[in-house]
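Note: hydrogens, waters and symmetry copies are ignored here, and every other heavy atom, side chains too, is used.
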Amino acid sequence: MTDFAEALGALREKKPLIHCITNYVTAGDTANMLLAVGASPIMADDPAEVVEVTLAADALVLNLGTLSERHIAAVIAAGKAANKAGIPVTLDPVGVQLTQFRKNAARQILSEIKVSIIRGNLSELLFMGGIPVQSSGVDSCAEPNKGLNLTAAADVARQYDCVCAVTGAEDIITDGDRAVQLLNGTGRLKKVTGAGDMTSALAAAFSAVCDPFSAAAFGVAFMGICGEISENSPSCKGMGSFRAGLFDAAGMDREIFAERIRING
């Protein structure tokens with residue numbers, strides 16, 4: 001795995017352009033988190049321009065949060081262009097288990113696009129691995145379980161030949177062969193709309209400067225550390241100040257990132 005401090009330093013030196021075809025609920029926070037970590041975001045989702053934008057980018061994020069036929073067309077076009085150009089693709093299958101429309105879209109995307117990283121919660125990853133699950137909106141209803149997280153993530157990683165990150169109460173990164181557990185984070189992140197979307201974007205940003213396994217681990221850990229720093233800040237009075245503190249924390253020195261990251265495995 002790439003050195004922690006070196007990866008964050010490389011990201012900030014390169015300032016990679018990250019093309020996010022994301023959802024309108026969290027696009028602003030996703031863009032601001034990318035800016036805060038040192039990357040440069042662009043959110044283009046019209047099928048008429050996504051190929052051109054993707055080819056100018058260093059990494060691509062495909063987020064299924066607010067899905068439509070137009071969104072799917074943009075995702076497919078951008079993903080294919082990224083594959084041809086060797087640009088890493090991160091998929092966030094938001095609520096994939098909720099409706100037949102989302103299930104069909106995910107199947108189409110994964111049949112036509114080679115993704116480098118899939119980042120989702122336990123319910124999403126269990127469903128993608130073929131296990132029936134219940135959900136409450138886009139939140140995971142599956143009980144936290146390290147063994148289950150690892151099994152679900154490893155099954156999906158092997159099925160799609162990618163790195164899989166399952167996040168929540170237990171964060172696991174695996175490529176189906178090796179695996180690590182991330183121990184950073186706070187329960188308050190679950191109460192911030194878009195925390196998962198920001199995590200996927202961070203993984204994509206790191207994928208512009210290091211291998212997909214390291215990128216997924218660093219993206220998940222970075223978001224967890226931001227949560228810890230914000231929660232322990234004197235200015236944190238509630239969820240509003242906690243959310244704002246995430247962006248403040250994203251400016252952390254690379255040495256702090258390396259000191260605080262906790263990886264098991």
Gly176 backbone acceptor or donor facing Arg158 side chain under 3.5 Å: yes
Establish whether Val61 and Val37 are linked, either directly or via other cluster members, by ILVMFWY side-chain heavy-atom contacts under 4.5 Å. no
Answer whether the closest heavy-atom distance between the side chains of Met223 and Leu246 falls below 4.5 Å. yes
Close side-chain approach of Phe242 and Lys191, heavy atoms under 4.5 Å: no
Inter-residue atom distance Leu55.CG - Ile87.CD1, 0.5 Å rounding: 5.5 Å
Looking only at side-chain N and O atoms, does Arg119 offer a donor or acceptor that is under 3.5 Å from a partner on Thr167? yes
Using residues 24-31 as the side-chain source, report each donor-acceptor pair under 3.5 Å to any protein atom, sequence neighbours left out, with the distance given to one decimal.
{"unit_1": "Thr26", "atom_1": "OG1", "unit_2": "Asn23", "atom_2": "OD1", "d": "3.4"}
{"unit_1": "Thr26", "atom_1": "OG1", "unit_2": "Asn23", "atom_2": "ND2", "d": "3.4"}
{"unit_1": "Thr26", "atom_1": "OG1", "unit_2": "Asp197", "atom_2": "OD2", "d": "2.5"}
{"unit_1": "Asp29", "atom_1": "OD1", "unit_2": "Arg243", "atom_2": "NH2", "d": "2.7"}
{"unit_1": "Asp29", "atom_1": "OD2", "unit_2": "Arg243", "atom_2": "NE", "d": "3.2"}
{"unit_1": "Asp29", "atom_1": "OD2", "unit_2": "Arg243", "atom_2": "NH2", "d": "3.3"}
{"unit_1": "Thr30", "atom_1": "OG1", "unit_2": "Thr26", "atom_2": "O", "d": "3.0"}

For the backbone of Ala195 and the side chain of Thr199, can you confirm whether one donor and one acceptor N or O come within less than 3.5 Å of each other? yes
Any donor-acceptor N/O pair, Asn184 side chain to Arg262 backbone, under 3.5 Å: yes
With sequence neighbours left out, write down each residue that passes side chain to side chain contact (heavy atoms under 4.5 Å, CB included) with Glu112, or none if nothing qualifies. Ile76, Lys80, Gln108
Taking the inter-plane angle between the rings of Phe218 and Phe4 on a 0 to 90° scale, is it parallel (under 30°), tilted (30 to 60°) or perpendicular (over 60°)? perpendicular
Could you tell me the separation between the CZ atom of Phe213 and the OG1 atom of Thr174, rounded to the nearest 0.5 Å? 6.5 Å
Can you find a pair of side-chain heavy atoms, one from Met33 and one from Pro41, that are under 4.5 Å apart? no
Tell me, do Arg260 and Ile229 make a side-chain contact under 4.5 Å, heavy atoms counted? yes
Would you say the side-chain atoms of His71 pair up with the backbone N or O of Asp45, donor to acceptor, closer than 3.5 Å? no
Would you say the side-chain atoms of Lys15 pair up with the backbone N or O of Arg12, donor to acceptor, closer than 3.5 Å? yes
Report the residues that fulfil side chain to side chain contact (heavy atoms under 4.5 Å, CB included) with Asn83, sequence neighbours left out, ordered by chain and then residue number. Val89, Ile113, Lys114
Ser207 side chain to Ala204 main-chain N or O, any donor-acceptor pair under 3.5 Å? yes
When you compare the side chain of Gln97 with that of Leu126, does any pair of heavy atoms fall below 4.5 Å? no
Less than 3.5 Å apart, any donor N or O on the side chain of Asn232 or Glu228 sitting next to an acceptor on the other? no
Hey, does the side chain of Asp253 reach the backbone of Ile256 with a donor-acceptor pair shorter than 3.5 angstrom? no
Answer whether the closest heavy-atom distance between the side chains of Asn63 and Cys20 falls below 4.5 Å. no
Quick one: does Asp211's side chain have a donor or acceptor within less than 3.5 Å of a partner on Ser214's backbone? yes
Can you find a heavy atom in the side chain of Met198 that is under 4.5 Å from one in the side chain of Phe222? no
Side-chain contact test, heavy atoms from C-beta onward, threshold under 4.5 Å: evaluate it for Arg178 versus Val180 and give yes or no. no
Output yes when a side-chain donor or acceptor of Arg102 lies under 3.5 Å from a complementary backbone atom of Val94, and no otherwise. yes
Lys14 (side chain) donor-acceptor with Ala208 (main chain) under 3.5 angstrom: yes
A quick test of your reading: do over 12 heavy atoms of other residues, nucleotides or ligands sit less than 6.0 Å from CD of Gln100? yes
